[in-house]
Every structure is written in structure tokens, then in C-alpha cells.
Visitor: 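Starting off with a structure, shown below.
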Amino acid sequence: MHLIGAGAIGQVHLRHLQAVRVLDRQLKPNTSGLKHFRVDNHEFTRSTESIVHETKIDTLIVTLRAPDTLSAISSLVERLDNPLILLLQNGVLGVHEQLQSYLLGRSIKADWLLGLTTHGASHERHSIVHRGQGMTAIGSLDALDTRKQRVLDLLNNAWQPLNCSISNNQSLLQQLTLKLGVNACINPLTTLLDCRNGGLLGNRLFEPLTLEIGHITGLDPRQLLEQTLQVCEKTKLNQNSMHKDFYQGSELELDFITGYLLRKAHEQQFHAPILQTVHNLVLHKVSLRSSDFKL
């Protein structure tokens, strides 16, 4: 089993896995080693491998940022041997769609597990701080076979300290879609308004946004609005990932959140003017970032 994406959330989950090799993009080709990690002042060591390596990958956990995933998978493509891939990241539905198309175009058959997590973590000096206790859900949108069930059981057992559960088919899709909808309401607006999640409480755009997203996804707009407000309240002091990425100069996950929803709206021939406007304004703000212009 391999893992790529040992950032904050990646390390929170890696801490509870023993027999896993971490793919390290900084290692020279065909090398391996050991790397020390620290989460909440708990130190642990895991085996590492270079991206280019002679060993094949049959099970891969991906905890990368969504915009970084395709390039990472493309660099591993020669090592993928009928892989089982778990995607555990924001924008997972869009990433799944993108990677499926990419691998099928290269005649690589992959099996998929998808997941979501509501845990919060951040880098602080030389350690990862696990700030927000949440939950992790993992599962498959397709029928389970022996391999999928074995890996799900292994990860579920290892991640019990992270309040992990297995959720499959429509139940998992509902959870992933709801998280996508909440992210689409919160993350772009905090980036536009330069505020933490709690700064959106009472924002009048939430209601029309949830109506549009509900139409696109089939979610109940009232449930989506209620969940969005709950997340804003519970994480009111938090700076979400898109807001952080904007000020760190990183590529945003926008294409996998609002962009993904707008593509689905286009397929349905549904016009979502509020969602489109928010999406376009964030893109515009990103285009002005290099000139140090702030909206």
C-alpha cells in the first residue's frame, strides 16, 4: 500500500497506518528511505519511495490537493498495476471523473474507493496540529469485491481513532455531494470576502446558492443551507483550504468545486447565475493576485 500527499490531512491519517509506503517527490529516482513525521507532538517514522521506482503500485491512497492530483498520477502511470485507488480530498467527485478519463485513455483499469473527511489540521512550525476533530467516511460507489472489502476493512479499523466509517453506493454519494455543496457555498465566498468561515454567518447569498446547487445535485436546498450554516458556526474561526491557497499563491480547488457543479449544470441545460457569478469573481480575483490587488 502506498500513500501520496503527506500534507496536514494526509499525515493525520498516515499516523494510524503502519504498513504503508509514502511516495516522496523529493527523492531521487529509484531510491527509498525513512522519513520522520510529527502530528500533535507525536513522532512516527514511515518508509518512503521515490516517484520513479521499479516496484509496482497496487493500492494507492491519494490525499493531495485536487489541482495537484492529475500531474501526480501521470508521473506514476508506469507503476500502476490494475490499481485500487482511494481518493480522500476536497473536490473528490471532480477528481474521480478526471482521473477515470485519464487512465481509461491509457488503457489502465483502476478500481476506486472515495472518501471524505471533516477533520481539520494545519502546519505549525515543525509539526502538524490536528485542530478539528471530525469524521472520515470511505467506501465505493460501485459493487464491492473481495479486494475492495479487504482494503476498506483494513483502513476502517486503522482509522477508528479518526471516527472512520464505511459508507457505500447512494449513501456515500449523498455524503460526498453534500460536502461538495457546502464547500461550494463557503470556500469561494471566504476567498472573495477575505474572511474566516464564521464571517459568512448571515450572508444573503447562501439561500440562492443552495437553491441552485440543490437543483444541480438533487440535494434538498433546506438541508444544504442548514448544513452550511452549521459548518460556518462550528468552524467559525477557521480559514478554509481555498482561502489559504489564495494567499499562499497556490492554484485553487475552484475547478473541482464550483467548476464541477457548473459543468453538471451545463449538462442539464440549467442556468445557475449566482453560482456562475461567484465562480467568475474568484477567477477574476485570482487573475489580479500577482498585482497585489485586493477586492
Side-chain angles (χ1 to χ4, degrees), residues 65-67 69-70 87 89-99 101 114 116 118 141 172-236 238-247 250-289 293-295:
R65 295 170 58 258
T69 306
L70 180 59
L87 303 176
Q89 54 200 151
N90 274 348
V92 67
L93 292 172
V95 174
H96 179 222
E97 192 175 84
Q98 182 188 61
L99 293 184
S101 175
L114 306 182
L116 69 144
T118 61
L141 297 181
L172 177 64
L173 181 60
Q174 176 76 8
Q175 289 177 278
L176 293 172
T177 305
L178 182 58
K179 187 169 192 291
L180 172 67
V182 171
N183 285 342
C185 288
I186 295 175
N187 295 14
L189 288 179
T190 58
T191 304
L192 278 177
L193 301 175
D194 194 17
C195 66
R196 295 182 182 271
N197 292 352
L200 297 179
L201 288 167
N203 193 291
R204 288 182 292 179
L205 284 176
F206 277 163
E207 189 167 347
L209 272 175
T210 54
L211 286 171
E212 290 183 358
I213 293 169
H215 189 285
I216 296 165
T217 62
L219 291 171
D220 181 345
R222 292 169 299 180
Q223 180 193 14
L224 177 55
L225 178 58
E226 180 181 348
Q227 184 70 16
T228 299
L229 293 173
Q230 285 179 4
V231 171
C232 282
E233 178 61 39
K234 185 178 179 180
T235 63
K236 60 186 176 183
N238 292 8
Q239 184 184 32
N240 64 61
S241 57
M242 187 179 293
H243 194 196
K244 287 179 185 176
D245 286 344
F246 178 82
Y247 282 102
S250 302
E251 184 179 354
L252 305 191
E253 296 169 333
L254 197 69
D255 191 51
F256 298 90
I257 299 177
T258 51
Y260 174 81
L261 289 170
L262 287 167
R263 288 192 294 276
K264 294 303 174 185
H266 180 73
E267 291 171 8
Q268 300 168 20
Q269 296 185 322
F270 173 68
H271 184 49
I274 305 299
L275 185 64
Q276 185 72 67
T277 299
V278 169
H279 180 83
N280 290 347
L281 286 172
V282 176
L283 287 177
H284 181 64
K285 187 169 182 178
V286 169
S287 73
L288 297 171
R289 183 168 54 182
F293 182 89
K294 265 193 180 181
L295 292 177

Visitor: What distance separates N280 CG from L262 CG, expressed to the nearest 0.5 Å?
Guide: 8.0 Å
Visitor: Hey, are the side chains of F256 and Q89 touching, using non-hydrogen atoms and a 4.5 Å cut-off?
Guide: no
Visitor: Within the 4.5 Å heavy-atom criterion, are N203 and L193 side-chain neighbours or not?
Guide: yes
Visitor: How far apart are the closest heavy atoms of N183 and I257, and which atoms are they?
Guide: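 Smallest interatomic distance, heavy atoms only, reads C-CG2, 3.9 Å.
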Visitor: If you look at every heavy atom in N90 and A66, which pair is closest and at what distance?
Guide: O-CB, 3.6 Å
Visitor: Testing the basics here: between R289 and S250, what is the closest heavy-atom pair and its distance to 0.1 Å?
Guide: NH1-O, 3.2 Å
Visitor: Tell me every residue that passes side-chain hydrogen bond (donor to acceptor under 3.5 Å, both in side chains) with T228, counting only those two or more places apart in sequence or in another chain.
Guide: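 T228 satisfies side-chain hydrogen bond (donor to acceptor under 3.5 Å, both in side chains) with no other residue.
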Visitor: Check the pair L211, I274 against side-chain contact (heavy atoms from CB on, under 4.5 Å), reporting the backbone distance first and the verdict last.
Guide: CA-CA 10 Å; L211 286 171; I274 305 299; over 6 Å; no
Visitor: Measure across C232 and F206 and return the closest heavy-atom pair with its distance rounded to 0.1 Å.
Guide: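 Between these two residues, the closest heavy atoms are SG-CZ, 3.9 Å.
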Visitor: Applying the side-chain hydrogen bond (donor to acceptor under 3.5 Å, both in side chains) criterion to N197, which one of N238, N187, T190, N240 satisfies it?
Guide: N240
Visitor: How close do P221 and G214 get, heavy atom to heavy atom, and via which atoms?
Guide: CG-CA, 4.4 Å
Visitor: Is a side-chain N or O of H243 found less than 3.5 angstrom from the main chain of R196, in a donor-acceptor match?
Guide: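 Here the side-chain-to-backbone pair does not exist.
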Visitor: Does some side-chain heavy atom of Q223 sit less than 4.5 Å from a side-chain heavy atom of L178?
Guide: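 They are in side-chain contact.
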Visitor: Are any non-hydrogen side-chain atoms of T235 and I186 less than 4.5 angstrom apart?
Guide: no
Visitor: If you round to the nearest 0.5 Å, how far is NE2 of H96 from OH of Y260?
Guide: 9.5 Å
Visitor: Just how far is it from atom CG of L254 to atom CE of M242, taken to the nearest 0.5 Å?
Guide: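 The CG atom of L254 sits 5.0 Å away from the CE atom of M242.
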Visitor: Rounded to the nearest 0.5 Å, what separation is found between the CG atom of L229 and the CG atom of L224?
Guide: 9.5 Å
Visitor: Quick one: which residue pairs count as a salt bridge (charged side-chain N to carboxylate O under 4.0 Å, His left out) with a foot in residues 225-234, not counting sequence neighbours?
Guide: E233-K236
Visitor: Has K285 got a side-chain atom pairing as donor or acceptor with T191's backbone, closer than 3.5 angstrom?
Guide: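 Judged by distance alone, yes, a pair lies under 3.5 Å.
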Visitor: Other residues, nucleotides and ligands only: do more than 12 of their heavy atoms fall within 6.0 Å of CD on Q230?
Guide: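 Yes.
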Visitor: Could you tell me whether the side chain of Q227 and the main chain of V182 form a donor-acceptor pair under 3.5 Å?
Guide: no
Visitor: Apply side-chain contact (heavy atoms from CB on, under 4.5 Å) to the pair Y247 and D194, showing each step before the final yes or no.
Guide: CA-CA 10 Å; Y247 282 102; D194 194 17; 3.2 Å; yes
Visitor: Below 4.5 Å, heavy atoms only, C-beta onward: do V92 and K179 meet side chain to side chain?
Guide: no
Visitor: Using the rule given for side-chain contact (heavy atoms from CB on, under 4.5 Å), can you reason through L114 versus L173, listing the C-alpha separation, both sets of side-chain angles and the distance that settles it, and then say yes or no?
Guide: CA-CA 9 Å; L114 306 182; L173 181 60; over 6 Å; no
Visitor: Below 4.5 Å, heavy atoms only, C-beta onward: do Q98 and D255 meet side chain to side chain?
Guide: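 Side chain of Q98 against side chain of D255, heavy atoms only: no contact under 4.5 Å found.
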Visitor: Counting C-beta onward and ignoring hydrogens, is there a side-chain heavy-atom pair between I216 and L275 closer than 4.5 Å?
Guide: yes
Visitor: More than 12 non-hydrogen atoms from neighbouring residues, nucleotides or ligands closer than 6.0 Å to CZ on R222, yes or no?
Guide: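 No, because the 6.0 Å sphere around CZ of R222 holds 12 heavy atoms or fewer from other groups.
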Visitor: What's the verdict on side-chain contact (heavy atoms from CB on, under 4.5 Å) for Q174 and L219, showing C-alpha distance, side-chain angles and the deciding distance?
Guide: CA-CA 8 Å; Q174 176 76 8; L219 291 171; 3.7 Å; yes
Visitor: How many angstroms lie between atom CG of L283 and atom CG of L288, to the nearest 0.5 angstrom?
Guide: 11.0 Å
Visitor: Do Q276 and E212 come close enough that some side-chain heavy atom pair is under 4.5 Å?
Guide: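 SC-SC contact between Q276 and E212 ruled out.
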Visitor: Minimum heavy-atom separation for E97 and K264, please, with both atom names.
Guide: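 E97 and K264 have their closest heavy atoms at OE2-NZ, 2.8 Å.
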